[in-house]
Structures are given as C-alpha cells and as structure tokens.
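Data block below; observations after.
Sequence lines set the chain letters: A, B, ... in the order given, protein chains first and strands last, and positions in each chain run from 1.
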There are 2 protein chains.
Amino acid sequence: MTVSKERQHIFIYAAALAALVLFLKWMEWKFLLANNSIEIYIGLIALFFTILGIWIAKQLIKPKVEIKVVEKEVLVYPSPEIDEAMIEKLELSAREYEILQLIAKGLSNDGIAKTVFLSVSTVKTHVSNLYFKLDVKSRTQAIEKAKQLKIIA
Amino acid sequence: MTVSKERQHIFIYAAALAALVLFLKWMEWKFLLANNSIEIYIGLIALFFTILGIWIAKQLIKPKVEIKVVEKEVLVYPSPEIDEAMIEKLELSAREYEILQLIAKGLSNDGIAKTVFLSVSTVKTHVSNLYFKLDVKSRTQAIEKAKQLKIIA
DNA sequence: ATCGGCCTCATACTAAAGTACCAATTTGTG
DNA sequence: CACAAATTGGTACTTTAGTATGAGGCCGAT
C-alpha cells in the first residue's frame, strides 16, 4: 500500500513537471513576443514554483504517527472453571469428589448420606479419605482448599 | 509558545522575501548585462522558489497526526464486592462478622479463639448467634450462605 | 442513672464430625 | 481369571461443634 502510494506521488510529480515544461515554453514564447513585462513573468514563475514547492512538500511530509494506547477494560468473570487436571492429580475418586461438592453445599454427613443413598459410615469413610488427599482436617478447611485449588465452584 | 513561533515564522519568511527581492534585482541586473541564458535564469528561479515553497510548507504545515489506536486489554476482575448493606441488614455485630470470616478460612473454634484472643466459650457464643442471624445450623452452611449473600469474599 | 445491645466467659449437655481399623463387594484392566 | 482400586458398610472411640442458660462488664443513648 505504501509502495503504490509512493509511485502515485512520483507519477503526479512527473506530470506536474511535464506541464511545467510546456508552461515555460509557452511563457518563453509569449515573452519573446512581448518582452515588456519581465517582472510580471518572473513573478508568475516565482509564484507558481512556490505553490508547486508547497504542494510537493504537502505530498511528501510524512505524517507523524502518534501511538495512542487505549486501555480497553475487559471484564473477566472469575471462571468457575473446574480444574479437572487438579482433581486427577489429587487422585480424588468419583465418590470423593461428589461428596466434596456436597460438603461445600453445606450438607452434613447425614444429609450427604441421604442424598446419595449411602450409610453415614460410608460417607465418613469417603470424607476421611478426602481430607487425607486434600491434606486438611475438617470440612471447612476442605472447602477452603477446594476453592483455592479451583476444583469446586 | 505557539504565538512566538508563529511570529518567528513570519519574520523568517519576511527575511526570505527580502533576500529574494535582492536576489531578483541582482539576477535581473545580471540578465540585462548578459541576456544570453534566459533558460538558466528561469531555471534557477524555478529551483529557488520550489525549494522556498517546500521550506515554507515545512515550516507552516502542521504535520498530520496519524493517531494509531492500540487497544491494550486490561483484565478487570469483577470485584468480589462485599455487600456491606447486607451485613447491616442481618444485624451482624463486628465480632460476629469477624468470626464469620475466620470460619470461612477453615479455622476451628479453638483456632478462632487463639487468633482473636478469646475463650472458646466466647467464640461458641458468637458462632451460635451468627448461625441464628444467618438462619443456618452449621459452619459449612454459614459459609455457603455468606458467599451467596456476598458478605464474604 | 437506667436500659439495651454487645462482648465476654462459664458450665453442662447433645449432636455431629472425625479417626482408626476392619471387611465385603464391585469394577475395571492386563 | 486375577489383581488393584474403588465402593460400601460397620464398630468403637475421641474430638469438635453446637445448644441452652446464666452471668458480669462495658458503653452509648434516653
């Protein structure tokens, strides 16, 4: 794009020069016919070339490029992305993870037992194993850690 | 600053014009003495005024400022805004709210007692009152509800 | 100064959570 | 099939959580 624009400038400039040559020849011819006004002639040439110079400059002056950095605020919703990889790394079994989620919902062992149709004993076993794998010692700690590890919402 | 610069430009331009007049007179005088090279004369004038025009343009034309807008994405995390109004609505006292936060961190009653230098009895009292105000019956439920009500992070 | 709310602490009790250890069944994989 | 891991369930026990109740001190407002 820049190259084509440069070429266009060169072309326009060449055309202007050609017109100039013709103009000069015409002026010169006119001057020979009536050379009683050399000052006017010189003045016209001066005016013309001044304007030409200005025009050329206008075409050639490179626009200053001002880089304006606009900070665009992008709302990032704390993705309730569940870190599945972490769950596997912790070697949490399906039941353990399921029960972890129920714990986070505030259910008691008894409540968990009733929702997943298990005995409280079984729930306790899972919960204990869960604590061991999460390296915690209570439900509340488990909830905190699970949230930090992004394995629950 | 802009005004003084403008005046400077005008002054320089005037000086250039004065020099020009002198130059023209000198050229004219030389031309009258030897008018055998009118093309060279015209050519010199053309060249001079072209350069002059370019120079004027350079001095006067305000460079086009091309504003390049670069969007920089700034991640904005929707602040886990704490609903202070809700805290007041629930009529949670300072201690109760403080202890609620410690509960959410996974601390036991004993842990809380040691961190805020209270007896476990006092902590239990606060916790019980807290449960009543939050309408829950256990720590885990309190944590869940507190998060739903956005009164803790 | 009296009253209510808050903070503090204690005792006594019940309920729930958590640990330890064991054991039977299921399930998926080599 | 055989084996490991997961799932289920139990008993016994300790610890923690939670409730109920009472009580004293502090402080601001009426």
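- As rounded to whole Å, 12 Å separates atom P of D/dG18 from atom CG of B/Leu134.
- What separates CD1 of A/Ile112 from C1' of C/dA16 is a distance of 12 Å, to the nearest Å.
- Without hydrogens or angle criteria, B/Thr122 side chain to B/Leu118 main chain gives no donor-acceptor distance under 3.5 Å.
- Nucleotide D/dA4 holds its P atom 16 Å from the CD atom of A/Glu91, rounded to whole Å.
- Once rounded to the nearest 0.5 Å, the distance linking CE of B/Met86 with NZ of B/Lys89 reads 4.5 Å.
- Spacing between atom CD1 of B/Ile87 and atom C1' of C/dC6 amounts to 17 Å, rounded to whole angstrom units.
- Under the 4.0 Å criterion applied to side-chain N and carboxylate O atoms, B/Glu73 and A/Lys72 are not assigned as salt-bridge partners.
- At most 12 non-hydrogen atoms from other residues, nucleotides or ligands lie less than 6.0 angstrom from NZ of B/Lys105.
- For A/Gln141, the side chain to side chain contact (heavy atoms under 4.5 Å, CB included) partners at least two apart in sequence or on another chain are A/Val136, A/Lys137, A/Ser138.
- Residues from residues 100-110 of chain A placing a heavy atom under 4.0 Å of any atom in DNA chain D do not occur.
- At least one donor-acceptor pair under 3.5 Å links the side chain of A/Glu96 to the backbone N or O of A/Ser93.
- B/Ile103 contributes atom CD1, which lies 8.5 Å from atom OG1 of A/Thr140 (distance to the nearest 0.5 angstrom).
- When the side-chain nitrogen and oxygen atoms of B/Thr122 are compared with OP1 and OP2 of C/dT8, none of them lie within a distance under 4.0 Å.
- Proximity of B/Arg139 to B/Asn109: side-chain heavy atoms (C-beta onward) are separated by under 4.5 Å at one or more points.
- With rounding to the nearest 0.5 Å, the separation of CG in B/Leu134 from CG in B/Leu90 is 6.0 Å.
- Taken to the nearest 0.5 Å, the OH atom of A/Tyr131 stands 13.5 Å off from the NE2 atom of A/His126.
- Distance A/Lys114 NZ to C/dA16 C1': 13 Å, rounded to the nearest Å.
- Between B/Ser138 and C/dA16 there is no side-chain N or O to OP1 or OP2 distance below 4.0 Å.
- Comparing the start and finish of the helix from C/dA1-D/dT30 to C/dG30-D/dC1, five pairs each, the helix axis swings through 50°, to the nearest 10 degrees.
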Which pairs, protein N/O on one side and nucleotides 26-30 of chain C N/O on the other, fall under 3.5 Å?
none

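- At a threshold of 4.5 Å between non-hydrogen side-chain atoms, the residues B/Ile87 and B/Ile82 count as touching.
- Note: NZ (B/Lys133) to P (D/dG18) measures 17 Å, nearest angstrom.
- Side-chain N or O atoms of A/Lys68 include none that pairs as donor or acceptor with a backbone N or O of B/Val70 at under 3.5 Å.
- Between A/Ser121 and D/dG9 there is no side-chain N or O to OP1 or OP2 distance below 4.0 Å.
- D/dG18 atom P lies 12 Å from atom CD1 of B/Ile99, rounded to whole Å.
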If the sugar-phosphate is the primed atoms plus P, OP1 and OP2 and the base is the rest, what is the B/S/- string for nucleotides 19-24 of chain D, using protein heavy atoms under 4.0 Å?
B-----
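- For A/Leu90 and D/dA5, the CG to P distance is 17 Å, given to the nearest whole Å.
- Mapping B/Thr140 and B/Ser119 onto DNA chain C by nearest heavy atom places B/Ser119 closer to the 5' end of the strand.
- Contact between the side-chain N/O atoms of A/Arg95 and the OP1/OP2 oxygens of D/dT8 is found at a separation under 4.0 Å.
- Between A/His126 and D/dT7 there is no side-chain N or O to OP1 or OP2 distance below 4.0 Å.
- A/Val127 and A/Val116 fall within the same hydrophobic cluster, where Ile, Leu, Val, Met, Phe, Trp and Tyr residues are linked whenever their side-chain heavy atoms come under 4.5 Å apart, directly or through other members.
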Distance-only donor-acceptor pairs under 3.5 Å for side chains of residues 143-153 of chain B, two or more places apart:
none

